[in-house]
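Just below is one structure, and these are the notes that go with it.
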Amino acid sequence: MRYPFSEIEFKWQKNWEEQQVSKTNLTETSNKLYCLVMFIYPSGAKLHIGHWYNYGPTDSWARYKKLKGFNVFEPIGYDAFGLPAENYAIKTGIHPYDSTMTNIKDIREQLKQMGCMYDWNAELMTCVPEYYRWNQWLFLQLYKKGLAYRKNAPVNWCPNDKTVLANEQVQADGTCERCGSLVIQKNLTQWFFKITDYAEELLKGLDQINWPEKTRLMQRNWIGKSIGTEVKFKVENSSDEITVFTTRPDTLFGVTYVVLAPEHPLVAKLTKPEFKNGVDKYIDSVKSLSEIERTSTIKEKTGVPIGANAINPVNGQKVPIWIADYALLTYGTGCVMAVPAHDERDFEFATKFNLPIKKVILKSGTKPEEIPAEAYTEDGIMINSGEFNGLKSSAGIEKVSDYIEKNKLGTRKVNYRLRDWLISRQRYWGTPIPIIHCPSCGEVPVDEKDLPVELPYNVEFNPGGESPLTTNKEFINVKCPKCGADAKRDPDTMDTFVDSSWYYFRYLNPKVDGKMFDTSLTDNWVPVDMYVGGAEHATMHLLYARFIHKFLRDLGYTKSDEPFSTLVHQGTITNQGAKMSKSKGNVVNPNDFTLKLGSDVFRLYLMFMGPYELGGDWSDKGIAGTERFVLRTYEIFKRFPDILLKANSKEKFNIPELNSEEKIVYRKTNQTIQKFDEEINNFRFNTAIASLMEFINELLKNIDKCSDEMKAYALRRFGTLLAPVAPHLAEECLEIIGSKESIFGKPVWFAPDTEALIEDKVNLAVQVNGKLRATIGMPNNSDQSYVKEIVFADEKIVKYIEGKTIVKEIFVKNKIYNLVVK
RNA sequence: GCCGAAGUGGCGGAAUUGGUAGACGCGCUGGACUCAAAAUCCAGUGGGGCUCACACCUCGUGCCGGUUCGAGUCCGGCCUUCGGUACCA
């Protein structure tokens, strides 16, 4: 290959490092731009196509912003704790610390070869005590506010990874987000962060951030706000009450039975002796089902009556109490009022068990006495509802709720689907939870001055269901800080999503000692202006980080409400339709291309493949195209060495004075500046690069007939536009034509000459009855009367309108002339 | 089931507010260079028709309908693929 990429890339990477062009002056904040990619998980797989696809184009965007005059901060780091390193240790015996450090070393080298302008002074990794002690500190702050707490609850357990998982880490099909094994339910005592306290704010904040609509919607659905009313039902011959939650108080008169979740504490108390046998049997049968089986919507609903009756507070009607697995203990009150006529699930259940169906909402166009074939869940007019008859549903919801509250039968309530974040993990390679369990004092938080609780090196990795930390006696056995008695440390570690919930603060000064992060810097630099990463984090990392950010704000550590002002998701690159993964054996190694073609060619190709947000299936078929583009670019610059020094530099040309080739080149140069800027600014890299290809095509055709001034003008601009997307190549090209220093050391960008954007000739489409019949060249901005004359003289058009009546003429300047004829 | 995104040549993909569909690139075909090949350069390239040829005609953006002088773009109804979600009362 005639383009010596390896020398050129080495040369400029060295130059950038020596000149420190990627080091950000953090004290200059008036034009600050914090551009961040999701940090990298240092697994044995090293850098793969997905990383390149995330980092390369984002770096191009950041470089573009830098050339435009922004003070860009672009850091990178390592999400270094986590399961895969530990699983690797179990398999190979290599300690997670050792494998992680080796991987980081390799990955750092690979990242440098990409040629991104990362500020290496800001590099961080989460697996060192200087970092993770602040996870522990954060935990203690949450604990103090009651937002970190321990409870026994049914939780998700991954039998393969031998740890519990948060709700967000279980996929729709009930499998583990990390390893794909089927997750089971266990009752365990675990640590939770009370993210639900922030549910409303997390929901509202979505309106103020510039995120993809899709992602905001996913978070909205995940938070799942629902507005309704809790209603108390008295139990016949009992002092107990059953509280149900409903979003449809207007259907309260239609209740024909009440359902409790099988695990509900009232079940044992309320079950009549003669029903006990059936109820116990039923509860057993429910327990034996997996979560997926149980919550499957396809499965037929099951349930049994418990023999007791509830009393409908609005009409005094006695209705039977059932238990059924479609009532979930974890949502609302765990009790449901069943209105079969107006709820699909209740309808299905009532039909199966022959329970009465009572219509209380009239669908318009139907009669009250008609027997419904299915539940009617929309709005209608209330019937069979006493004093509320005749009200519309929407009004009924309010009126019935008013009535309930006035008569102390219940209260309005907002429920969220969001559950608290389960953060303990029965694994080794993570942040130890800073709690000591004392037989007499209970759970005792580690004193802040005793942080970090260091993760010991020596443990047994595969203790079979127990946390590995229990195998290190020195670690686990401590004295209670309160009473001095023998006590034990909490053996669990934190979910690694805790690490990633605040790392963007730490980047500004990862070496800062004595505090989580340096607020003198973060106050000016956070929020992150541009955050780029995969959409798969929509309801995990991106939700957790927003929560922790708001918590830190409430403690006074940041002034901003949101961590990431603008978010962009790169698409996923698949291979033969499947996600790339080691287990599937379809991972494409970027080195195969970078070693052969250079990093600029590879970066250009990734950007040129298609829309960034879409990703797509991997194919190297078109890479020859970007390779040729790079070659042609390099060669055209080589033809004009030092042209910048030889020619008088001009910033603007007078178009009428130019010859026809110069006109073409001048126009194309400025049109490309305009187009490229617009496209790359919006992450449309594919069309940005296409515009550069068009540009060089015109240059190659016309440059020999241009003056030296025009050559210098066009080539300088071409090199500049090229710089964000092919940084090494562009630096070299600019140097060839006489540039003396790195463009990134001294940023330059050009504004287009607006006069050059206008073509003096345009092709106008002439249509007859909407069909294209001719295209006619016209001076730019010709008016209708002028165009009309030419159109009506055109023989092709005359052919179509001869002998016909012209009904209408439509003229759009510079675009079309449409004749409607009969 | 529900929510969201997407369906355009042989392929990846372009097309402001509705205004010449197929930019740019791959591939392919022909030509130049070469002993030959690769590389490179030049020309052509949506389907069909017609012509010696230039031209011209016609059909074409998942399917069916609609609005409009004009629809890839707007509206209604489907189909397919991919994400998210899963009885949330």
Side-chain angles (χ1 to χ4, degrees), chain A residues 1-2 171-174 212-215 217-218 220-222 224-226 228 244-248 251 259 292 294-299 301 324-328 330-339 343-346 348-349 415-419 535-536 538-539 571-572 574 577 604-605 608-611 613-626 628-629 631-632 635 675 678 684 686-695 697 700 762-776 796 799 807-821:
Chain A
M1 183 172 173
R2 276 160 294 158
Q171 296 177 102
D173 59 354
E213 190 46 48
K214 182 180 97 172
T215 310
L217 190 67
M218 273 166 70
R220 267 186 211 113
N221 291 340
W222 190 261
K225 181 179 185 176
S226 86
V244 302
F245 174 73
T246 180
T247 55
R248 292 293 302 271
T251 64
V259 187
I292 311 115
R294 186 173 156 186
T295 58
S296 162
T297 44
I298 309 146
K299 186 179 80 78
K301 297 188 186 351
D325 60 357
Y326 80 92
L328 307 174
T330 45
Y331 183 77
T333 60
C335 312
V336 183
M337 63 178 221
V339 186
D343 182 282
E344 280 163 32
R345 295 153 300 178
D346 299 341
E348 189 194 325
F349 194 82
N415 266 320
Y416 298 90
R417 208 191 73 117
L418 183 71
R419 308 290 157 81
E536 66 274 15
T539 54
T572 313
T574 54
L604 280 169
Y605 180 60
F608 187 62
M609 280 191 341
E613 281 91 345
L614 241 62
D617 207 44
W618 172 255
S619 158
D620 58 12
K621 262 170 108 181
I623 201 161
T626 48
R628 277 177 209 148
F629 169 70
L631 250 165
R632 275 142 52 101
E635 307 233 299
K675 169 88 173 163
E678 166 76 15
R684 290 191 292 259
N686 54 334
T687 46
I689 290 165
S691 76
L692 295 183
M693 288 173 168
E694 283 186 52
F695 188 16
N697 290 344
L700 286 167
V762 295
N763 280 328
L764 189 102
V766 185
Q767 301 179 334
V768 178
N769 287 340
K771 288 197 169 179
L772 180 72
R773 294 304 177 191
T775 59
I776 303 176
K796 278 177 271 178
K799 203 168 81 190
V807 185
K808 204 171 169 186
E809 291 170 52
I810 294 113
F811 174 71
V812 181
K813 204 176 241 181
N814 294 337
K815 288 266 158 76
I816 60 150
Y817 200 105
N818 189 9
L819 298 163
V820 186
V821 299

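Labels below follow one simple rule: chain letters A, B, ... track the order of the sequence lines, proteins then strands, and each chain is numbered from 1.
Nearest-nucleotide positions on RNA chain B for A/Gly334 and A/Trp222 put A/Trp222 closer to the 5' end. Of the two residues near RNA chain B, A/Asn221 and A/Thr247, the one whose nearest nucleotide lies more 5' is A/Asn221.
Shown here is A/Glu809, whose CD atom has more than 12 heavy atoms of other residues, nucleotides or ligands within 6.0 Å.
When the P atom of B/U8 is taken as reference, atom CG of A/Leu614 falls 12 Å away, rounded to whole Å. Rounded to an integer number of Å, the gap from A/Glu536 CD to B/U85 P is 12 Å. As a whole-Å value, the separation of A/Arg345 CZ from B/C2 P is 15 Å. In this structure, NZ of A/Lys813 is placed 20 Å from P of B/G18, rounded to the nearest angstrom. Going from atom CD of A/Glu613 over to atom C1' of B/C82 covers 16 Å, rounded to whole Å. One can place CE of A/Met218 at 15 Å from C1' of B/C2, the figure rounded to the nearest angstrom. The distance between atom CZ of A/Arg684 and atom C1' of B/G13, rounded to the nearest whole Å, is 15 Å. Per the geometry, NZ belonging to A/Lys214 stands 15 Å off P belonging to B/C82, to the nearest Å.
For RNA chain B, the stems formed by at least three consecutive Watson-Crick or G-U pairs, with both atom-pair distances below 3.5 Å, span B:1-7 with B:79-85, B:10-12 with B:24-26, B:27-32 with B:40-45, B:46-49 with B:56-59, B:62-66 with B:74-78.
If you take OG1 on A/Thr626 and CG on A/Leu692, they are separated by 12.5 Å, rounding to the nearest 0.5 Å. A distance of 10.5 Å separates OG of A/Ser691 from CG of A/Asn686, quoted to the nearest 0.5 Å. Rounded to the nearest 0.5 Å, atoms CG (A/Leu604) and CE (A/Met693) are 7.5 Å apart. Within the model, atoms CZ of A/Phe695 and CZ of A/Phe629 stand 10.0 Å from one another, a figure rounded to the nearest 0.5 Å. To the nearest 0.5 angstrom, A/Phe349 atom CZ is 12.0 Å from A/Asp343 atom CG. Here CZ of A/Arg684 is found 9.5 Å from CD of A/Glu613. Values are rounded to the nearest 0.5 Å.
As rounded to the nearest Å, B/U73 and B/A14 have C1' atoms that lie 14 Å from one another. The separation of B/C63 from B/U81, taken at their C1' atoms, amounts to 15 Å, rounded to a whole angstrom. B/C50 sits 33 Å from B/C26 when the P atoms are compared, rounded to a whole Å. B/A71 sits 13 Å from B/C59 when the P atoms are compared, rounded to a whole Å. Taking the C1' atoms as reference points, B/U58 lies 30 Å from B/U16, given to the whole Å. If you take atom C1' in B/A89 and the same atom in B/G77, they sit 32 Å apart, rounded to whole Å. Rounded to a whole angstrom, the distance from the P atom of B/A15 to that of B/C3 is 29 Å. To the nearest whole angstrom, the two C1' atoms, one in B/C74 and one in B/C69, are 16 Å apart.
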What does the list of N/O pairs under 3.5 Å between the protein and nucleotides 45-51 of chain B look like, with a distance for each?
none

Please list, pair by pair, any protein nitrogen or oxygen found under 3.5 Å from a nitrogen or oxygen in nucleotides 19-22 of chain B.
residue, atom, partner, partner atom, Å
B/G19, N2, A/Gln767, OE1, 3.4
B/U20, O4, A/Asn763, O, 3.0

Can you tabulate the close N/O pairs, meaning under 3.5 Å, that link protein atoms to atoms of nucleotides 25-27 of chain B?
residue, atom, partner, partner atom, Å
B/G25, OP1, A/Asn697, ND2, 3.1
B/C26, OP1, A/Arg628, NH1, 2.4
B/C26, O2', A/Lys621, O, 2.9
B/G27, OP2, A/Arg628, NH1, 3.4

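Applying the side chain to side chain donor-acceptor pair (under 3.5 Å) rule to A/Lys225 yields the partners A/Glu200; only residues at least two apart in sequence or on another chain are considered. Not counting sequence neighbours, the partners of A/Asp617 by the side chain to side chain donor-acceptor pair (under 3.5 Å) test are A/Thr574.
When distances run from any side-chain atom of A/Asn686 to the nucleotides B/A14, B/A23, B/C88, the shortest one goes to B/A14. Comparing B/G84, B/C88, B/C57 by their nearest atom to the side chain of A/Arg773 picks out B/C57. Minimum atom distance to the side chain of A/Arg417 is reached by B/A86, of the listed B/A86, B/A89, B/A14.
When all heavy atoms of A/Tyr326 and A/Val259 are compared, the pair lying nearest together is OH-CG2, 3.7 Å. Scanning both residues, A/Leu764 and A/Lys815, for their nearest heavy atoms gives CD1-N, 3.6 Å. Taking all atoms of both residues into account, the shortest heavy-atom contact from A/Val339 to A/Asp346 is N-OD2, 2.9 Å.
Dashed line: the shortest gap from a side-chain N or O of A/Thr687 to OP1 or OP2 of B/G13 is not under 4.0 Å.
Using a 3.5 Å distance cut-off with no hydrogens or angles, the side chains of A/Asn697 and A/Arg632 do pair a donor with an acceptor.
A donor-acceptor distance shorter than 3.5 angstrom exists from the side chain of A/Asn818 to the backbone of A/Gly770, with no hydrogens or angles considered. Side chain of A/Asp325 to main chain of A/Lys301: no donor-acceptor pair is present (N/O by atom type, distance under 3.5 Å, no hydrogens or angles).
For A/Arg628 and A/Glu635, the salt-bridge test fails: no basic side-chain N is under 4.0 Å from an acidic carboxylate O.
With its glycosidic angle within 90° of 0, B/G9 adopts the syn conformation.
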